[in-house]
Amino acid sequence: MSAQLIDGKAFAEGLRHKVAALAAAFEGKAGRKAGLAVVLVGEDPASQVYVRSKGKQTVACGMASFEYKLPVTASEEELLALVEQLNNDRSVDGILVQLPLPAHLDEQKVIATIDPDKDVDGFHVINAGRLAVGQPGFVPCTPLGCLMLLKDRLGDLSGLDAVVIGRSNIVGKPMAQLLVAESCTVTVAHSRTKDLPAVVHRADIVVAAVGRPEMVKADWIKPGATVIDVGINRLPPEPGQDKGRLVGDVDFTGVREVAGAITPVPGGVGPMTIAVLLRNALVAAYRNEGLELDPDAL
Ligand code: GUN
């Protein structure tokens with residue numbers, strides 16, 4: 001029997017509708033729109049696409065979008081000065097500096113300069129620490145989106161065995177923290193893990209975030225497991241095509257025959273990231289104005 005498809009695109013649309021309703025309520029109470037600032041340094045084509053999409057979706061949700069584009073030659077002082085200016089700007093609730101930055105700029109230093117209460121990416125060490133100890137803060141958008149899809153599908157996650165493949169600061173590590181907080185038994189696997197197929201085979205929940213096309217195979221998966229595929233990889237073009245296929249870190253065709261539920265690529269985790277970013281920006285706005293927001297509303 002084939003796995004149920006987890007429709008991240010539809011879930012993200014529902015989340016954006018909730019954000020839009022609460023953004024309108026925020027504007028009524030605060031007398032201003034919630035504001036998200038996005039900073040792009042240089043002209044990386046993929047980053048330009050993301051930033052444009054973020055700006056459009058921010059406005060579509062009834063929030064103010066502030067876009068700052070710096071040349072690839074921008075100095076660290078210039079970038080840090082812009083971040084400081086946004087930290088002090090009352091109309092800006094959330095700040096996102098698009099990564100990767102050009103090589104001459106120190107990403108950790110830039111992230112450390114963002115006010116943790118405007119860090120809607122959840123990348124600041126203060127927010128990583130808050131997540132680790134269970135204090136309210138901002139959680140990175142992609143893993144939070146994955147958790148929302150898991151809870152929507154499975155309800156209570158407590159006691160389930162979860163394997164996270166990948167240990168990045170942006171996805172793997174925060175994903176593991178979120179699952180621990182939901183009382184899962186969590187294993188973080190990575191490139192040095194011994195017998196990865198056997199480790200993955202124990203899991204009720206598999207989150208794959210390694211950036212290796214179609215690495216996770218059908219015979220690794222426990223029948224009925226829920227599989228969340230964070231990977232977005234472009235395969236080399238087939239003869240006669242100008243672009244290769246987009247695939248995840250999971251061999252979708254094989255794994256869907258074994259799993260209980262699986263996210264497709266595209267249309268699974270991908271659309272969740274920006275929707276959660278907008279959610280985080282709205283939460284930031286309510287907090288910055290000292291307004292109550294029902295945590296179950298989003
Ligand atoms: N580049 C790719 N994804 C992201 C993201 O979620 N946040 C930031 N700041 N940069 C990114």
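Both counts, for ligands and for their atoms, begin at 1 and track the order of listing. Count residues from 1 along the sequence. Heavy-atom basis, side chains included; hydrogens, waters and symmetry copies ignored.
Contact annotation for Thr142 and ligand 1: no heavy atom of the residue comes within less than 4.0 Å of the ligand. Within the 4.0 Å heavy-atom criterion, the part of Leu96 lying near ligand 1 is the side chain and not the backbone.
Taking a cutoff of 4.0 Å between a charged side-chain nitrogen and a carboxylate oxygen, Glu182 and Lys151 qualify as a salt bridge. Salt bridge annotation for Arg245-Glu214: present, with a cationic side-chain nitrogen under 4.0 angstrom from a carboxylate oxygen. Salt bridge annotation for Glu289-Arg32: present, with a cationic side-chain nitrogen under 4.0 angstrom from a carboxylate oxygen. A salt bridge links Asp204 with Lys222: the closest approach of a Lys/Arg side-chain nitrogen to an acidic carboxylate oxygen falls below 4.0 angstrom.
Below 3.5 Å of separation, one finds an N or O of Gln98 facing an N or O of ligand 1.
Side-chain contact annotation: Gln48 with Lys69, donor-acceptor N/O pair under 3.5 Å absent.
Counting heavy atoms only, Asp121 comes closest to atom 9 (N) of ligand 1 of the residues Leu40, Leu99, Val276, Asp121.
Close contacts of ligand 1 with Val97, meaning ligand atoms under 4.0 Å from a residue heavy atom, involve 8 (C), 9 (N).
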